Asker: 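This is the structure I have questions about; it appears just below.
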Amino acid sequence: MKFVDLHAQYLTIQEEIDAAIAVVIAESSFVRGRHVANFETAFAEHIGVPHCVSCANGTDALYIAMKSLGLEPGDEVLTTAHSWISTSETITQAGGTPVFCDTETDYFCLDPHQLESKITPRTRGIIPVHLYGQPADMEAILQIARQHNLWVIEDCAQAHLASYQDQSVGTMGDAATFSFYPGKNLGAMGDAGCLVTHRNDVAEFAALFAHHGGKHQHLMEGINSRLDGLQAAILNVKLKYLSDWTKSRRRIADSYDRQLSRIPGITIPPRRPGCEHVFHLYVIQTERRDCLRDHLRQREIPTAINYPCPLPLVPAYAYRNGQPADFPTAVHHAQRVLSLPLYPEMSPVDVERVATAIESFQQVTATAG
Ligand SMILES: *Cc1c(COP(=O)(O)O)cnc(C)c1O
């Protein structure tokens, strides 16, 4: 069994992918060009925003978004303690300082109640992450942002097509960023990313900044962060299937829920009411996480820990002197989370095998007392 089987997905659309790649090669349309433009238009439409600016990866998208919103040295940006480091490292790269907030007990996302006490005169924005595919509490976050005149960048790297009270993620903030890393819900065959926005000024700046500040008439210094033609052509094919793949993910999650909810000691992933969770990851919680992981490994069931250490406590942020007691919920989750295999092509037999193996672990430990 695989944790994510990218090849299984390729096999379902092999002819279309191979043909799309052949067209790009025949046209030598390797950088920018019509495939990139087509993808930007199609993805913006899919999300329901006027602008999509493609770039090299989801990390660059965050950096470009912050530069486009005018982040300046010394500015502070509030973000979650529980994410992949792209979310916070780009704040530093853009000249700012990441200020971490603890997470919600139920949903693993940034806890809006933590925001106000951390706002200072230098605070410029908030980056919530729709973690594992579950939307953050956007209503509360946007309300605080409005009160304090802060921008919001939604990190949607794990949440393509998720929705919050019938609004697609990526449409609610000043800008939103997506990753098309191969293992993400919409994945290229290499690195790729984009930002989307309803703000003309942000889209205009981002498009220039990602391409050296403009061609020849450089209006500013920028960077070189491009989506290439091959990846764009591949994404154009895959985008058509994203909605079906998302349904499959949700179906598999429902099936896991049914089989795991009756096992004592296992907490299934809670779902925020009024939201569509798109299950980039299916993350259970359990007290004896590391032993369960070994048990599954022995049965050739791969799992992952997303993430083993809250961001404010990793060595990169030692200089900020964060203490575990400052982030009790993130610390608690980091010790208990376990991501199970899940990808759209996963068979019901495999789902059942994972569930049965988890049940057998709980039985062994129950009898061992
Ligand atoms: C994957 C990911 C990113 C970065 O995307 P890349 O394309 O790998 O650079 C950013 N934020 C989160 C939450 C992610 O999961």
Side-chain angles (χ1 to χ4, degrees), residues 3-4 6 36 39 43 52-67 77-94 98 100-101 103-104 107-110 125-136 138 141 152-162 169-170 173 175-196 206 210 223-228 230-232 234-235 238 249 269 277-283 304-312 314 316 330 333-334 337 339 342-343:
F3 184 71
V4 172
L6 297 177
V36 173
F39 176 70
F43 193 72
C52 168
V53 178
S54 60
C55 62
N57 56 66
T59 308
D60 278 6
L62 284 159
Y63 174 69
I64 295 164
M66 276 181 268
K67 294 302 271 188
V77 178
L78 301 168
T79 194
T80 170
H82 190 84
S83 182
W84 177 242
I85 194 169
S86 297
T87 315
S88 54
E89 69 186 354
T90 47
I91 297 171
T92 311
Q93 282 151 14
F100 293 104
C101 299
T103 46
E104 301 169 285
Y107 305 115
F108 305 112
C109 293
L110 189 158
I126 309 172
I127 309 185
V129 180
H130 304 306
L131 199 76
Y132 307 151
Q134 169 121 284
M138 290 307 293
I141 291 168
V152 173
I153 300 173
E154 298 173 66
D155 183 341
C156 304
Q158 305 187 357
H160 315 66
L161 301 195
V169 304
T177 61
F178 287 86
S179 166
F180 307 118
Y181 176 80
K184 297 287 161 79
N185 288 23
L186 176 61
M189 293 183 164
D191 277 312
C194 78
L195 73 78
V196 300
I223 60 169
N224 176 11
S225 183
R226 297 187 287 233
L227 177 65
D228 69 69
L230 285 169
Q231 300 310 334
I234 289 162
L235 289 168
K238 288 190 163 197
R249 286 180 181 276
H277 191 320
V278 294
F279 292 97
H280 171 58
L281 293 168
Y282 186 90
V283 180
I305 297 174
N306 305 92
Y307 300 90
C309 183
L311 286 173
V314 300
H333 287 154
V337 290
S339 311
L342 192 160
Y343 52 93

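For ligands, and for the atoms within them, numbers begin at 1 and follow the listed sequence. Just so it is clear, the structure is predicted and the values come from calculations on it, not from any experiment.
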Asker: For Y107 and H277, test the side chains for any donor-to-acceptor distance below 3.5 angstrom and give the result as yes or no.
Answerer: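 H277 and Y107 do not have a side-chain donor-acceptor pair below 3.5 Å.
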
Asker: Testing the basics here: between L186 and L235, what is the closest heavy-atom pair and its distance to 0.1 Å?
Answerer: CG-CD2, 3.9 Å

Asker: Of all heavy-atom pairs between I64 and L195, which one has the smallest distance, and what is that distance?
Answerer: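 Heavy atoms of I64 and L195 come nearest at CG2-CD2, 3.8 Å.
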
Asker: Give me the nearest non-hydrogen protein atom to atom 15 (O) of ligand 1 as residue plus atom name, then the distance to 0.1 Å.
Answerer: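 Checked against all protein heavy atoms, atom 15 (O) of ligand 1 sits closest to Q158 NE2, 2.8 Å.
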
Asker: How far is atom 11 (N) of ligand 1 from its nearest protein heavy atom, and which residue and atom is that?
Answerer: D155 OD2, 2.8 Å

Asker: Are L281 and F3 packed together at the side-chain level, in the sense that at least one heavy-atom pair is separated by less than 4.5 angstrom?
Answerer: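 L281 vs F3: side chains touch.
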
Asker: List every atom of ligand 1 that sits less than 4.0 Å from any heavy atom of G58, numbering the atoms from 1 in the order shown and giving each element.
Answerer: 4 (C), 5 (O), 6 (P), 7 (O), 9 (O)

Asker: Looking at S86, which atoms of ligand 1 are within less than 4.0 Å of one of its heavy atoms?
Answerer: 3 (C), 4 (C), 10 (C)

Asker: Regarding atom 1 (C) of ligand 1: of the candidates H82, E89, K184, H280, which has the closest heavy atom?
Answerer: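 Checking each option, the heavy atom nearest atom 1 (C) of ligand 1 is found in K184.
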
Asker: Under 4.0 Å from any heavy atom of T59, which atoms of ligand 1 are there?
Answerer: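 Here the atoms of ligand 1 in question are 4 (C), 5 (O), 6 (P), 9 (O).
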
Asker: In terms of atom number and element, which parts of ligand 1 are under 4.0 angstrom from non-hydrogen atoms of A157?
Answerer: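 So the atoms of ligand 1 that pass are 2 (C), 3 (C), 10 (C), 11 (N), 12 (C), 14 (C), 15 (O).
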
Asker: Which one of N57, D60, T59 satisfies the side-chain hydrogen bond (donor to acceptor under 3.5 Å, both in side chains) criterion with S86?
Answerer: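 The passing option is T59.
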
Asker: Please list, in number order, the atoms of ligand 1 under 4.0 Å from a heavy atom of S83.
Answerer: 13 (C)

Asker: Would you find a donor on one side and an acceptor on the other, under 3.5 Å apart, between the side chain of S225 and the backbone of A56?
Answerer: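 Yes; at least one donor-acceptor contact below 3.5 Å.
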
Asker: For the side chain of T79 and the backbone of I127, is there at least one donor-acceptor N/O pair under 3.5 Å apart?
Answerer: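 Yes, because the side chain of T79 sits within donor-acceptor range (under 3.5 Å) of the backbone of I127.
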
Asker: At less than 4.0 angstrom from any non-hydrogen atom of V129, what atoms of ligand 1 do you find?
Answerer: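 Here the atoms of ligand 1 in question are 13 (C).
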
Asker: With a cut-off of 4.0 Å, which atoms of ligand 1 are near a heavy atom of N57?
Answerer: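 That gives atoms 7 (O), 9 (O) of ligand 1.
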
Asker: Starting from atom 8 (O) of ligand 1, locate the nearest protein heavy atom and write down its residue, its atom name and how far away it is, to 0.1 Å.
Answerer: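 For this ligand atom, the closest protein heavy atom is S179 OG, 4.0 Å.
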
Asker: More than 12 foreign heavy atoms under 6.0 Å from OH of Y181: is that the case here?
Answerer: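 Atom OH in Y181 is not crowded, with 12 or fewer foreign heavy atoms closer than 6.0 Å.
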
